[in-house]
Amino acid sequence: MRHLLRLLAVLCLAAPALAWEHWGGDPSGSRFSPLKEITPDNVGNLIRAWEFRTGDLDRRAPEVMRRTKFQATPLFVEDSLVFCSPFNEVIALDPGTGAQKWRYDPDISTRQRPANRYVCRGVAYWVDDSAPVGAVCRSRIFMGTNDARLIALDAKSGIPCAGFGNGGEVRLETGMTLEWPGEFQVTSPPVVGRGVIVVGSAIGDNRRVDAPRGMVRAFDARSGAPRWTFDPLLHDGIEAGHANVWAPMSVDETRGLVFLPTSSPSPDFWGGKRPGNNEHANSVVALHIETGELVWSFQTVHHDLWDYDLPAQPTLARIDVSEAMRDVVIQATKQGFIFVLDRNTGRPVWPVEERAVPQGTADGERPSPTQPFPTHVPTLVPQKISVEDAFDPFPFLGRSACKEQFASARSEGLYTPPSTQGTLLFPFTGGGVNWGGVAFDPLHQILYANVSRAVHLVKLIPREQAASFNPPPGHDFGRQQGAPFVMSRAMVTSPLGLLCNKPPWGEMVAVDLKGGKILWRSTVGTTEDRAPLGIARPWGMPLVSGVVVTAGGLVFTGAMDAYLRAFDARTGKELWQGRLPVPGVANPMTYLWKGEQYVVIGAGGHSEAGTTIGDSVVAFRLPRQGEAPSLLSRTIDRPGGRFLGGAISAGLVVAIIAAAAWRWRRARRDRSAKSTS
C-alpha cells in the first residue's frame, strides 16, 4: 500500500516535471523527474546535442564579465527552453537544436557593481486561465532583475506584458536610500500562486547595522498592482535590517501557502544592537500567498552571528512517517542540517533539541545560549575542525601554515562566536548546502544533496583599528557601520592555494529520511581546472549548485571543474562525465522532446570561486542511429585526460628529440670513422 501511495505521488508530479515548468522542476522544488530514457546502463553513451552561447563574452568588457555568476536553470515551457543570463536577458531556445527563438534585453547597467555580482538563477512561468486561449500574455515569464525590477513577458514571444505595471515592469521600492545602486538586487526567481507573484531580494552584507529591510513583496500577477509586503524580522527593541529572502521560494497551490527561507539580520557577525533570537530571521516562514498573513515560522538559528542564513529552496514532499504519508517541508542548511517540518503547522516531524553552544564573544554581544539540532537525520557534513584536521600534503617540509592558522584561532565546534582573536567557521558560510538545494525522490523516499567542506576564518577588528587595517588579498572586508567592530573573512588556505581542511571538499550525499541514515557519499569534482598542468586530483571541489534526480536511476550535477556528471542514484557510483566549455555552476535540468530525453546545464563559471568565465548552455542526449560518442569524449574529455594527453605528448616529443639526437650522434660517429679511415 505504501508503495502504491508513493507511485501516486510520482504520478502527481509527472506532468510538471516532464515539462520542467518551475525552477526546482515543480512548485515543490523536488528537482525530481519521472523521465527514465537515460539509465545507468546507457548514460555512458551520452553525446553533446547542442551548445548555445549568449554572446556576453564577445559583447561585454572583460572586467564586467569578471563580476558574473552564471547560475540559471532553464524552464521547459511553451515548447521552448527559457532562461536568463547574468545580465537578465531572457532567452528562449529551440529544445531540439538550441537555436534562439527570441530574446528580451532589459538593458541592465554594467556600472552599478551589484553586491552579489551579476547573476540570475532563473525565471518563473504562469498561465492566466481567465484569459482567452491565444491571447497575448496569457502565459507569462516573470523575472526579478539586478537593478530591482520585476518584469513580465509574453512566454511565446518575449514581448513585455503592457498591462503589467508600467509597460511590463514594476520597480521595487527599497525602503531607504541605498549606499550604491547595487546594494539591492534580485538574484533568484519569483514564485506565482493563485494569481499572486512573490519576489524576494538580495542585499549587500556587512555594510551597516541600519541596513535595508528584507521585505518580501507580492503583486497581482495580471496587473502588477501591489498585494502585500512582509518583513521577516520583528523590530521590537532592536536595530537591524535584512533577514531578506535571497534564495528560491516554494508554493503549495492547494493550501495557498508560500514558503520563505529567510536570511540573517544585519550585520552578519556582530549583533549587539539586535538582542534576542531575532524572530523570523533564519527561519522557514509560511504565509498565505493571497494575503501575506503569517501561518507559521520555524527558526533554524537563533541570533545568527555566522551568516548561516537559509540558502536553499524549501522542498515540499510527502514522506512515509510511522506507517503513514505526511506532507512536510524539507529545509537544508549551510550547517549541513536537514530539518523536516509538518507543512500545516511548522512543527518538527522528528525531535529537534535545543543544545548548549559555545559562549564568550566580543564586547556588547549576547549570543544565544542554545541552538536547535535535529536528531533524526545525521548531519551532512562535519561541524568541528581542529589542528589534527589540517591538510598537510607535504609533511616532509616540516612547518605547516594550515596548522598554524588553525591553532591561532578559536575553534570550539559549531556556533563558536566570532572574536577579535579570529574564529574558524566550519562549515564555512557557503555551506554545507547552498542555493542549489536538495532533490527528493518520492518513490524511494531518498534525498540527494551537494555539500561543501571548507573553513572560513572570521575576525572582528575594533573600529579604532580599522583605519590602519589593510585587508590581505582574498579577504572580505565588512565595515559594519554602526557596530564597534569591522569584519575580515577569508577561506583558510595554504600558501599553494589549497584548502586547509582535508579533502573531500565537495560531495554528493544520499539520505534515507525515514531511516535517518546516510546511504552513501560520493566525491564530486577534481582539481583539473584549477591545478597546474591540469592535474586532476579526485579531492572534490566546493559545491554551491544542486542536483536533479530521475526515475531512470540517475543523479546529475555540475561542479567547479568543467564537467556535467551522472551518478548511480542507488550506489553513488560516478558513471559518466560530459565535458563543458567552462564549469557548470548551475542546477541542471532534464526534459523530453520528440521522444528523446535531454539533460541541460548552464556553463558560464563563477567569478567569486575563481573559475574560468563563459556564456554557454549545453545539452546532452543519447545517440541517434548512426551516432556514437567521439573518441575525444571517451579519452581526453575525461577528468585527468588532458594531463595524461599532455604527458603522452610531452613524452613523444622527448622521445622524438632523443631519437633525433641519437641518430645525429650516430651519423657524426660514422662520418668521423670514415674520415679516420
Side-chain angles (χ1 to χ4, degrees), residues 23 48-76 81-93 98-100 103-106 108 110 113-114 116-123 143-146 185-189 202 248 430 434-436 450 506 524-525 528-530 541-548 556-565 577-590 598-620 637:
W23 182 80
R48 181 180 293 192
W50 50 260
E51 176 184 353
F52 173 83
R53 291 189 55 202
T54 66
D56 282 331
L57 275 179
D58 299 328
R59 294 186 290 115
R60 303 189 188 273
E63 60 269 20
V64 172
M65 293 303 295
R66 285 193 291 268
R67 298 198 298 271
T68 63
K69 300 184 289 189
F70 198 133
Q71 298 179 347
T73 299
L75 304 186
F76 180 39
L81 286 183
V82 184
F83 70 98
C84 52
S85 78
F87 302 98
N88 294 119
E89 289 188 84
V90 184
I91 301 169
L93 305 179
Q100 180 176 305
R103 179 189 293 242
Y104 170 80
D105 186 354
I108 296 293
T110 55
R113 300 186 70 88
N116 297 278
R117 310 210 175 190
Y118 293 99
V119 58
C120 180
R121 295 190 184 95
V123 297
M143 174 185 62
T145 68
N146 288 294
Q185 62 189 125
V186 181
T187 57
S188 291
N434 207 284
W435 58 263
N450 279 341
V524 180
E528 180 177 79
D529 288 275
R530 309 296 290 275
M541 299 299 287
L543 298 159
V544 294
S545 52
V547 306
V548 57
F556 291 93
T557 183
M560 290 289 182
D561 61 355
Y563 294 96
L564 176 65
R565 287 176 164 83
Q577 311 91 24
R579 184 70 182 176
L580 302 171
V582 301
V585 191
N587 282 12
M589 56 85 71
T590 186
Y598 291 75
V599 183
V600 172
I601 190 168
H606 191 292
S607 60
E608 285 180 311
T611 74
T612 307
I613 298 301
D615 60 359
S616 296
V617 176
V618 183
F620 296 87
D637 280 347

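As the structure is a prediction and not an experimental result, all values here were calculated from the model.
Put simply, the side chain of Phe620 does not reach to within 4.5 Å of the side chain of Phe556, judged on heavy atoms. Two residues are said to be in side-chain contact when any heavy atoms from C-beta on lie closer than 4.5 Å; Asp529 and Thr612 fail this criterion. Here the side chains of Phe70 and Val617 are in contact, with some heavy-atom distance below 4.5 Å. In this structure, Thr68 and Phe87 have side chains that are in contact, with non-hydrogen atoms separated by less than 4.5 Å. Using a 4.5 Å heavy-atom cutoff, the side chains of Val548 and Met589 are not in contact. Between Thr611 and Val582, every side-chain heavy-atom pair lies at or beyond the 4.5 Å cut-off. With contacts defined as side-chain heavy-atom distances shorter than 4.5 Å, the pair Ile91/Phe52 qualifies. Within the 4.5 Å cutoff, the side chain of Val599 has heavy atoms near those of the Leu564 side chain.
The minimum heavy-atom distance between Val585 and Gly605, with the atom names listed, is CG2-C, 4.4 Å. Closest heavy-atom contact between Val618 and Ala603: CG2-CB, 4.4 Å. The two residues Gly98 and Leu93 come nearest to each other via the heavy atoms O-CD2, 3.7 Å. What you find for Arg67 and Thr110 is that their closest heavy atoms are NH2-O, 3.4 Å. The two residues Pro583 and Ala559 make their nearest non-hydrogen contact at CB-O, 3.6 Å. Considering every non-hydrogen atom in both Ile601 and Ala586, the closest pair reads CD1-O, 3.6 Å.
Listed for the Asn146 side chain is a donor-acceptor partner under 3.5 Å among the backbone atoms of Pro86. Judged purely by atom type and a 3.5 angstrom limit, Thr73 uses its side chain to pair as donor or acceptor with the backbone of Asn587. At least one donor-acceptor pair closer than 3.5 Å links the side chain of Asp615 to the backbone N or O of Gly55. Side-chain N or O atoms of Tyr118 include none that pairs as donor or acceptor with a backbone N or O of Val64 at under 3.5 Å. In terms of modelled atom types and a separation under 3.5 Å, the side chain of Gln185 and the main chain of Arg117 share a donor-acceptor contact. Side-chain N or O atoms of Asn450 include one that pairs as donor or acceptor with a backbone N or O of Ser545 at under 3.5 Å.
Judged purely by distance below 3.5 Å, without hydrogens or angles, the side chains of Ser607 and Arg66 never pair a donor atom with an acceptor atom. Remark: the Thr187 side chain and the Asn116 side chain contain no N/O donor-acceptor pair separated by less than 3.5 Å.
Atom-to-atom distance recorded for Lys69:NZ and His606:NE2 is 4.5 Å, nearest 0.5 angstrom. To the nearest 0.5 Å, atoms CH2 (Trp435) and CZ (Arg121) are separated by 6.0 Å. To the nearest 0.5 Å, atoms CZ (Arg53) and OG (Ser85) are separated by 13.0 Å. With rounding to the nearest 0.5 Å, the separation of CD in Glu528 from CE in Met541 is 11.0 Å. For the atom pair CG (Asp58) and CE (Met65), the distance works out to 9.5 Å, reported to the nearest 0.5 Å. Note that CG of Asn88 and OG1 of Thr145 are 5.0 Å apart. Values are rounded to the nearest 0.5 Å.
In this view, Asp56 and Thr54, Arg59, Arg60 satisfy the side chain to side chain donor-acceptor pair (under 3.5 Å) rule, not counting sequence neighbours. Listed by chain and number, the residues in a side chain to side chain donor-acceptor pair (under 3.5 Å) with Glu51 are Arg48, Ser616 (sequence neighbours excluded).
Among Pro189, Pro74, Cys84, the single residue meeting the side chain to side chain contact (heavy atoms under 4.5 Å, CB included) criterion with Val123 is Cys84.
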